[in-house]
K.L.:
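Just dropping this structure here.
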Protein chains: 2
Amino acid sequence: MSSAKINAAIDNLKEAGVRITPQRHAILEHLIQSMSHPTADEIYKALEGKFPNMSVATVYNNLRVFKEAGLVKELTYGDSSSRFDCVTTDHYHIICDSCGKIVDFHYPGLDEVESLAESVTGFEVGRHRMEIYGVCPDCKRKH
Amino acid sequence: MSSAKINAAIDNLKEAGVRITPQRHAILEHLIQSMSHPTADEIYKALEGKFPNMSVATVYNNLRVFKEAGLVKELTYGDSSSRFDCVTTDHYHIICDSCGKIVDFHYPGLDEVESLAESVTGFEVGRHRMEIYGVCPDCKRKH
DNA sequence: TTATTACTTTATAATCGTTATAATTAGTCT
DNA sequence: AGACTAATTATAACGATTATAAAGTAATAA
């Protein structure tokens, strides 16, 4: 049941001193319930019914608020627009080159790569990102 | 000596049936000689002196041509604009969170991650990308 | 309760990177 | 040289995101 997740997220925000407006609630709910990784515009369109007067800026503003609270991650791939992902546990993404579908997958952290990079470059390493690209089962079937 | 690299790249393009115009030569030369990973606009500005009438579109067009020929890779990080990297050997990048500097570093391919992802998700995996983020030595010193 | 304040939302305009268009110029081929 | 193709230029268009200013809403203090 995802309402537990939503409540947890909201408690989290409240503790951080963030006001829970109806719009914020709806955006968060949509992010958690849609198991996908929607763009700002997709969220905007999905909530058009409930909030006919909501502005795109509100979506962007609140996604930034959620990001700053550590609840949401922004996924940026080269082309087109950012996608937003509710942070639950650490995971990587595999992306279909053909249809764009994004699927989560888990893998133990690449600590080894980070520490090698650190010693070779002299950087102080904080984090890394990785994505894998390929063709999803659906698209494989369709040739 | 980088003129050897330039000539090799040009031969490569010629074989692929790409005309070598003065602009293309200059863009390629700049990409190879500047050891950095310039944006399209940086290239445009760097060549302003030699080609006062060159249009930004020419830079973008030709970067696409080079990409299609496999000579250049486009690096897309979330914010701001794409950076372009001359393909020599496979390598990853480590990026400074503070000043944005990009440094190459080598690491054996992450075949294991790819094959795990393949078996877990059912995707047919083609490639992956990875970047590491941290603070570079210069910025560490400056606190 | 009312006044004051800070925070949110809205509507709209602006910005920025990139791409499309149409006209002009330059190369290539016979 | 003439015909054809490709490349460049200048400019406009586009789409994602951000900035701005005005109006609305909630929280707090008197």
Side-chain angles (χ1 to χ4, degrees), chain A residues 10 13-31 37-69 71-85 100, chain B residues 9-10 13-31 37-69 71-85 100 102:
Chain A
I10 285 173
L13 284 171
K14 277 185 184 161
E15 270 174 43
V18 175
R19 244 185 237 168
I20 306 302
T21 65
Q23 293 90 336
R24 284 184 179 161
H25 193 286
I27 294 170
L28 207 51
E29 194 176 14
H30 181 79
L31 265 170
H37 306 78
T39 63
D41 200 60
E42 281 166 6
I43 297 171
Y44 173 65
K45 292 224 167 68
L47 301 179
E48 216 162 38
K50 273 192 215 167
F51 297 87
N53 295 324
M54 187 169 63
S55 140
V56 239
T58 300
V59 178
Y60 280 102
N61 286 341
N62 291 329
L63 286 170
R64 180 159 25 81
V65 169
F66 298 158
K67 250 171 64 186
E68 282 163 4
L71 275 178
V72 163
K73 266 193 186 172
E74 185 174 358
L75 312 176
T76 55
Y77 310 118
D79 42 353
S80 72
S81 43
S82 289
R83 302 190 157 274
F84 295 86
D85 188 20
Chain B
I10 286 173
L13 285 170
K14 277 184 183 164
E15 270 173 43
V18 176
R19 247 187 235 168
I20 306 302
T21 65
Q23 292 90 336
R24 284 182 179 163
H25 193 284
I27 294 170
L28 207 52
E29 193 176 13
H30 182 79
L31 265 170
H37 306 78
T39 62
D41 200 59
E42 281 167 4
I43 297 171
Y44 174 64
K45 291 224 167 68
L47 301 179
E48 216 164 37
K50 274 192 213 166
F51 297 87
N53 295 324
M54 187 167 65
S55 140
V56 240
T58 300
V59 178
Y60 279 102
N61 286 341
N62 291 328
L63 286 170
R64 179 159 27 79
V65 169
F66 298 158
K67 250 171 65 185
E68 283 164 6
L71 275 178
V72 163
K73 267 193 184 171
E74 187 173 356
L75 313 176
T76 54
Y77 309 118
D79 44 352
S80 73
S81 42
S82 289
R83 302 191 156 272
F84 295 86
D85 188 18
I102 302 174

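The analysis underlying the following values was restricted to heavy atoms, covering all of them including side chains, and did not include hydrogens, waters or symmetry mates. Order of the sequence lines sets the chain letters (A, B, ...), proteins ahead of strands, with each chain counted from 1.
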K.L.:
Rounded off to whole Å, could you give me the OH-to-C1' distance for the A:Tyr44 and C:dA11 pair?
P.N.:
10 Å

K.L.:
Closest approach to the side chain of B:Arg24, judged atom by atom: which nucleotide of D:dA16, D:dA7, C:dT18 is it?
P.N.:
D:dA7

K.L.:
Could you go through A:Phe84 and A:Thr39, starting from their C-alpha distance and side-chain angles, then the distance that decides it, and tell me whether this counts as side-chain contact (heavy atoms from CB on, under 4.5 Å)?
P.N.:
CA-CA 6 Å; A:Phe84 295 86; A:Thr39 63; 5.8 Å; no

K.L.:
Whole angstroms only, please: what is the NE2-P distance between A:His25 and D:dT25?
P.N.:
19 Å

K.L.:
Testing the basics here: between A:Pro22 and A:Phe51, what is the closest heavy-atom pair and its distance to 0.1 Å?
P.N.:
O-CZ, 3.6 Å

K.L.:
Can you work out whether A:Glu74 or B:Phe51 has the more 5'-proximal nearest nucleotide on DNA chain D?
P.N.:
B:Phe51

K.L.:
Whether B:Ser82 contacts C:dT18 is assessed here as follows: a side-chain N or O lying under 4.0 Å from the phosphate OP1 or OP2. Is that the case?
P.N.:
yes

K.L.:
If you look at every strand shown and take non-hydrogen atoms under 4.0 Å, does A:Thr58 touch a base, only sugar-phosphate, or nothing?
P.N.:
base

K.L.:
Tell me the interatomic distance from B:Leu63, atom CG, to D:dA7, atom C1', rounded to whole angstroms.
P.N.:
15 Å

K.L.:
For the pair made of CG in B:Asn62 and P in D:dA6, what is the distance, rounded to whole Å?
P.N.:
15 Å

K.L.:
Could you tell me how far apart A:Tyr77 (OH) and C:dT18 (P) are, to the nearest whole angstrom?
P.N.:
19 Å

K.L.:
Tell me the interatomic distance from A:Asn53, atom CG, to C:dT8, atom C1', rounded to whole angstroms.
P.N.:
14 Å

K.L.:
I need a per-nucleotide contact map over nucleotides 19-30 of chain C, read 5' to 3'. Cutoff is protein heavy atoms under 4.0 Å; write B for the base, S for backbone only, - otherwise.
P.N.:
BB------SS--

K.L.:
Set out, in order, the CA-CA distance, both residues' side-chain angles and the distance that settles side-chain contact (heavy atoms from CB on, under 4.5 Å) for A:Val72 and A:Leu31, then state yes or no.
P.N.:
CA-CA 9 Å; A:Val72 163; A:Leu31 265 170; 3.8 Å; yes

K.L.:
Can you work out whether A:Met54 or B:Phe84 has the more 5'-proximal nearest nucleotide on DNA chain C?
P.N.:
A:Met54

K.L.:
So do B:Ile20 and B:Leu28 actually touch side chain to side chain, heavy atoms under 4.5 Å?
P.N.:
no

K.L.:
A:Lys50 vs A:Glu29, test: side-chain contact (heavy atoms from CB on, under 4.5 Å). Steps then yes/no.
P.N.:
CA-CA 13 Å; A:Lys50 273 192 215 167; A:Glu29 194 176 14; 3.9 Å; yes

K.L.:
Output the rounded distance in Å from CD (B:Glu42) to C1' (C:dC16).
P.N.:
15 Å

K.L.:
Sequence neighbours left out, what passes salt bridge (charged side-chain N to carboxylate O under 4.0 Å, His left out) with A:Lys67? Give chain and number order.
P.N.:
A:Glu74

K.L.:
If the cut-off is 4.0 Å, is B:Thr21 near the phosphate of D:dT8, judged by side-chain N/O to OP1 or OP2?
P.N.:
yes

K.L.:
Taking it one step at a time, do B:Thr58 and B:Thr21 satisfy side-chain contact (heavy atoms from CB on, under 4.5 Å)?
P.N.:
CA-CA 11 Å; B:Thr58 300; B:Thr21 65; over 6 Å; no

K.L.:
Can you measure A:Glu48 atom CD to C:dT9 atom C1' for me and round it to whole angstrom units?
P.N.:
17 Å

